[in-house]
Structures are given as C-alpha cells and as structure tokens.
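One structure below.
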Amino acid sequence: MTSHSDSLTLSLASISPAMLALAGGVLAALVLLVIVLLLHGASLRREQAEEASFRAGESEARMAELLKIQAEMQGRIAAMTEVFGARQSELNQTINQRLDGMTQRVSSTITEQTKSTHENLQRLQERLAVIDAAQNNIQTLAKDVVGLQAILSNKQTRGAFGQSRMETIIADGLPRGAYSFQPTLSNGSRPDCTIRMPNDAPSLVIDAKFPLEAWNAIRDAGSPEAGKIASQQFRRDMEVHIRDISEKYLIQGETQDTAFLFVPSESIFAEVHENFEPVVQKAHRSRIVIVSPSLLMLSIQVIQAVLKDQRMRAQAHLIQGEVALLMDDLGRLDERVRKLQGHFAMAQKDIDMVVTSADKLTKRGAKIEGLEFEASDGKPARDSEPATKSMESRTGLLKLRVVDEE
C-alpha cells in the first residue's frame with residue numbers, strides 16, 4: 001500500500017503543471033457536465049413529474065367528469081325510466097278506461113237495444129191487443145146492429161128506442177123539474193114527454209112514436225110499384241099519427257096549441273121533408289111540428305133561455321133593490337169626491353200663494369245681489385268668498401245670495 005502511494009506520487013511529480021491544469025480543466029468540465037446533466041435530468045424528471053401530475057389531474061378530472069356524466073346519465077335514465085313507467089301506467093290506465101268505457105257503452109247499447117226491443121214487442125202486443133179489442137168491438141157492434149134491427153122491427157121496442165133518445169136530449173138540456181116523462185093528462189092520455197113553460201103557460205107535448213115500419217117498407221121495396229104502395233102506406237100512417245096527436249095531446253088550457261113529433265134520425269127527417277111535402281103541410285095545419293134530434297136540441301136550448309129569462313124577471317125586484325142601493329152608494333161617493341175636490345182646490349190656492357211669495361223673494365234677492373257694498377273705513381273691502389244664505393219654504397229651498405265686490 002505504501003509502495004503504491006509512492007509510485008503514484010512519483011507519477012504525479014513527473015507530470016507537468018500544464019498537464020495538470022489541462023487535466024483539472026477537463027475534470028472541471030466533466031464535473032460541470034455531470035452537474036449540468038444532473039440538473040437537466042432533475043428538470044426533466046421534474047417536468048415529467050409535473051406532466052405526470054398534470055396528466056393525473058386531467059385523468060382525475062376526466063374521471064370525475066365521466067363519473068358525473070355517468071351519474072347524470074344514470075339520473076336521466078332513472079328519470080326516463082320513471083317517466084316511461086308513469087307514461088306506461090297512464091297509457092295502461094287510459095287503455096283500461098277506454099276499454100271500460102267501450103265495454104260500458106256496448107253494454108248500455110245492448111241494454112237499450114234489448115229494452116227497445118222489449119218495448120217494441122210490448123207495443124206490438126198492445127197494438128195486437130187493441131186490434132183484437134177492435135175486432136171484438138166490431139163483432140159486438142155487428143151483433144148490436146142486428147139487435148137494433150130487431151128492435152126497430154118491433155113497434156114497441158122501436159118506440160122505446162125513440163123515447164130513449166128523446167129523453168136523453170131533454171134531460172141534458174133542461175134542469176130537473178122543467179119536464180115530465182109519460183105524464184097523465186086530464187083526458188087520460190099519456191104523451192111521451194111534457195115540458196113546463198114559464199109564466200104558468202100550458203105545457204109543451206112531445207111525441208116520439210114515429211111509424212118506422214112503414215118507412216122501412218119503402219126502403220125494402222124491390223120494385224117501383226112496391227115502393228109506391230109502401231109510400232102510400234107511410235103517408236096514411238103519418239096522417240093517422242098526426243091526427244091522433246092533435247086529438248089526444250092538444251088540450252085547450254092544459255097543453256100548448258102546438259106539439260112536437262120527434263123523428264129519431266136526421267136522414268129520415270130530411271127525406272120526409274123532401275119526398276112527403278103534403279104530410280109536412282098537414283102536420284103544420286094540425287099544429288104538429290116534426291123535429292129531428294138537432295131541431296129538438298135547438299128547441300130545448302131556446303126553452304132553456306126562456307126559462308132563464310123568466311127566472312131573471314122573477315128576481316127583477318131584487319135586482320132593482322140592489323140597483324137602488326148602488327145608486328145611494330154612488331151618491332155618497334159623488335158627495336165625498338166633491339168635498340175632496342174642494343180640499344184640493346184650497347190646497348192649490350195655498351200653493352199658488354206660496355209660489356207668488358217665492359217669486360217675490362227671488363226678485364228681491366236678485367236686486368240685493370246687484371247692489372255694491374263698501375267697508376266701514378272707506379277702503380274697498382278685501383276679496384272674500386260670496387256669502388250664501390239659505391232659507392227653506394214649503395215650496396222648496398230658496399237661496400238669497402249677498403256678494404261683496406270691490
């Protein structure tokens with residue numbers, strides 16, 4: 001070890017100072033280069049570290065942004081899932097409601113159609129029942145027509161039929177007590193009806209026994225000769241019946257001088273007046289009036305009006321008394337109205353006087369308003385607001401204005 005150090009010392013001693021200086025410069029350069037390299041490496045490492053840190057920060061920021069975007073996406077997905085779920089629920093509910101509504105409408109339509117069908121069937125059954133009833137009524141009417149023909153073929157039943165129609169017309173048109181059916185007269189005869197006339201006048205006799213069998217023979221005649229014979233028989237029967245009425249029912253002082261012969265058919269009445277004028281003239285000469293149902297009804301209405309007039313005349317004295325009391329009331333009313341008119345005239349006179357006084361006050365106020373006033377110290381009075389004085393009267397509110405001007 002000592003020998004090696006000695007040899008090195010000898011070697012260094014043998015090197016010249018220039019070489020040493022060059023070696024020191026090279027060594028310094030090397031040291032400097034190493035230092036520069038170390039500094040450059042440190043700066044590179046620092047830059048790399050900073051770049052790595054920056055890249056790590058960017059990565060973390062991007063990761064955070066990605067996580068944020070992922071969270072937002074998850075929130076949006078959850079919101080969309082919720083919205084889609086709600087929409088799907090609403091859609092399902094809407095579809096269910098529409099299905100329920102359609103089902104209800106279809107059910108109601110079917111129910112209504114079923115109800116309408118049942119009602120139509122019921123109406124059809126009712127109409128069929130009405131048709132059956134009408135058919136039964138037609139059959140019954142046919143039986144009644146046959147029965148009526150049988151009734152009219154019998155003289156007694158025919159008289160009862162005419163009597164019934166006549167009694168119905170009279171009972172509907174006159175009050176009770178104004179007529180009698182089948183009364184007994186002084187000669188023992190019994191007319192079909194008598195009507196009591198007003199003012200104690202004799203009763204009016206109505207007969208309902210029309211010779212209908214002779215009339216039916218005219219209609220049933222198959223040839224002109226048979227029709228002529230049947231017409232002659234009808235004329236004779238009518239003349240006999242008119243004579244019987246005239247002899248039995250026209251009693252002086254007990255019945256009217258005129259009697260009615262009731263014909264229970266308008267068509268028969270018209271044909272009798274058209275084809276059997278001599279019979280009608282003979283009835284008029286015998287003071288027998290042939291009447292149809294409509295003419296009898298009109299006569300009953302006339303008699304009813306006469307009876308009403310008679311009752312009014314019977315109450316005429318009561319009406320006159322009421323009119324006299326009414327006139328007394330009118331007289332008192334006229335007197336009181338005239339007194340009231342006098343009061344109104346006096347009140348009008350007082351009102352006119354009050355109006356005259358008001359006009360005078362108005363004129364005086366206008367004169368006062370036109371005057372000019374001065375203050376007591378000889379100086380013009382200061383401007384002041386117009387003084388207004390009001391005075392009430394019965395006619396209204398009169399205003400007296402006194403204006404002080406310069």
Side-chain angles (χ1 to χ4, degrees), residues 148 150-215 234 236-266 268-269 272-273 279-315:
L148 179 62
I151 289 172
L152 296 178
S153 63
N154 189 352
K155 185 176 181 178
Q156 293 180 353
T157 56
R158 186 191 66 248
F161 174 72
Q163 175 77 17
S164 176
R165 292 202 64 185
M166 182 265 298
E167 289 180 357
T168 301
I169 294 172
I170 293 175
D172 290 340
L174 293 177
R176 290 186 178 181
Y179 56 87
S180 297
F181 295 129
Q182 294 183 354
T184 302
L185 301 179
S186 60
N187 58 2
S189 59
R190 299 184 63 185
D192 294 327
C193 179
T194 58
I195 297 176
R196 297 180 180 86
M197 304 302 290
N199 300 323
D200 296 331
S203 301
L204 176 65
V205 176
I206 301 176
D207 184 85
K209 300 178 184 67
F210 179 76
L212 189 60
E213 65 277 2
W215 181 261
F234 175 74
R236 287 194 296 269
D237 291 344
M238 284 292 294
E239 291 176 353
V240 171
H241 191 57
I242 289 170
R243 185 174 61 252
D244 291 341
I245 292 174
S246 177
E247 292 176 356
K248 293 180 180 180
Y249 302 149
L250 300 181
I251 302 174
Q252 185 68 29
E254 186 176 356
T255 61
Q256 291 287 329
D257 295 337
T258 301
F260 287 173
L261 174 59
F262 177 69
V263 179
S265 174
E266 298 287 345
I268 296 175
F269 174 80
V272 167
H273 279 74
V279 175
V280 177
Q281 294 297 329
K282 184 174 182 180
H284 287 173
R285 289 193 298 272
S286 301
R287 298 189 300 276
I288 306 299
V289 180
I290 302 174
V291 294
S292 64
S294 60
L295 287 178
L296 180 61
M297 189 178 299
L298 179 62
S299 302
I300 293 301
Q301 291 178 357
V302 173
I303 294 172
Q304 184 180 11
V306 173
L307 292 174
K308 184 177 180 181
D309 183 69
Q310 191 268 338
R311 289 194 298 270
M312 289 182 64
R313 289 183 179 181
Q315 301 295 326

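Side-chain contact between Glu254 and Asn187 is absent, with no heavy-atom pair separated by less than 4.5 Å. Side-chain contact between Thr194 and Tyr249: absent, with no pair of heavy atoms (C-beta onward) separated by less than 4.5 Å. Side chains of Val291 and Ile206 form no contact here, defined as non-hydrogen atoms less than 4.5 Å apart. A heavy-atom distance below 4.5 Å is not found between the side chains of Ser203 and Tyr179. The shortest side-chain heavy-atom distance between Arg165 and Leu296 does not fall under the 4.5 Å cut-off. With contacts defined as side-chain heavy-atom distances shorter than 4.5 Å, the pair Leu185/Lys248 does not qualify. Side chains of Ser286 and Arg243 form no contact here, defined as non-hydrogen atoms less than 4.5 Å apart.
Under a cut-off of 6.0 angstrom, the local environment of CD in Gln252 is sparse, with at most 12 non-hydrogen atoms contributed by other residues, nucleotides or ligands.
Residues Glu239 and Lys282 share a closest heavy-atom pair of CB-NZ, 3.5 Å. In this structure, Pro183 and Pro191 approach most closely via the heavy-atom pair O-CD, 3.3 Å.
Interatomic distance, Met166 CE to Phe262 CZ, rounded to the nearest 0.5 Å: 7.5 Å. Atoms OG and CG, on Ser246 and Leu261 in that order, are 12.0 Å from each other to the nearest 0.5 Å. Rounded to the nearest 0.5 angstrom, Met197 CE and Gln256 CD are separated by 5.5 Å. For the atom pair Ile251 CD1 and Asp257 CG, the distance stands at 12.0 Å (nearest 0.5 Å).
The side chain to side chain contact (heavy atoms under 4.5 Å, CB included) test with Asp172 is passed by exactly one of Leu174, Ile170, Thr168: Thr168. Considering Ile245, Val280, Val205, Thr258 in turn, Ile245 is the only one that fulfils the side chain to side chain contact (heavy atoms under 4.5 Å, CB included) rule with Ile288. For the salt bridge (charged side-chain N to carboxylate O under 4.0 Å, His left out) test with Lys209, the passing option among Asp192, Asp244, Asp237 is Asp192; the others fail.
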Exercise for the section: Kindly indicate, with the supporting measurements, whether the criterion side chain to side chain contact (heavy atoms under 4.5 Å, CB included) is fulfilled by Leu295 and Phe260. Expected result: CA-CA 10 Å; Leu295 287 178; Phe260 287 173; over 6 Å; no
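Put simply, the side chain of Arg196 gets close to the backbone of Gly177: a donor and an acceptor are under 3.5 Å apart.
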